[in-house]
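Some notes on the structure that comes next.
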Amino acid sequence: MRDVTFTEDASRVRTGNAPRAMATRRNLTIGALRLAGVRNIAAGLRRTVRGQTRTLDLPCLT
């Protein structure tokens with residue numbers, strides 16, 4: 001999923017701790033969208049990016 005949605009294989013981040021940090025950020029993003037009830041991650045990302053003032057309704061934050 002990360003490769004298709006985030007084009008992880010095309011990433012130019014390859015040195016130091018950066019690849020692990022980027023993978024962690026991608027995993028956190030996927031986890032947050034799942035907690036918000038999003039089933040289609042790609043559609044959830046598009047929806048969230050288009051409405052940048054919109055916050056995710058996460059059950060753990062209420």
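You'll find the side chain of Val38 stays beyond 4.5 Å of the side chain of Thr48, heavy atoms only.
Listed by first then second residue, pairs satisfying salt bridge (Lys or Arg N to Asp or Glu O under 4.0 Å) with a partner in residues 33-44 number zero, not counting sequence neighbours. Within the structure, the salt bridge (Lys or Arg N to Asp or Glu O under 4.0 Å) test picks out the following pairs touching residues 4-33 (sequence neighbours left out): Arg2-Glu8, Glu8-Arg26.
Taking CG from Asn40 and OG1 from Thr5, the interatomic distance works out to 8.0 Å, rounded to the nearest 0.5 Å. Atom CD1 of Ile41 and atom OG1 of Thr29 lie 9.5 Å apart (nearest 0.5 Å). Taken from CG in Leu45 to CD1 in Ile30, the straight-line distance is 8.0 Å, to the nearest 0.5 Å.
Hydrophobic clustering, defined by side-chain heavy atoms of Ile, Leu, Val, Met, Phe, Trp and Tyr closer than 4.5 Å, groups Val13 together with Met22.
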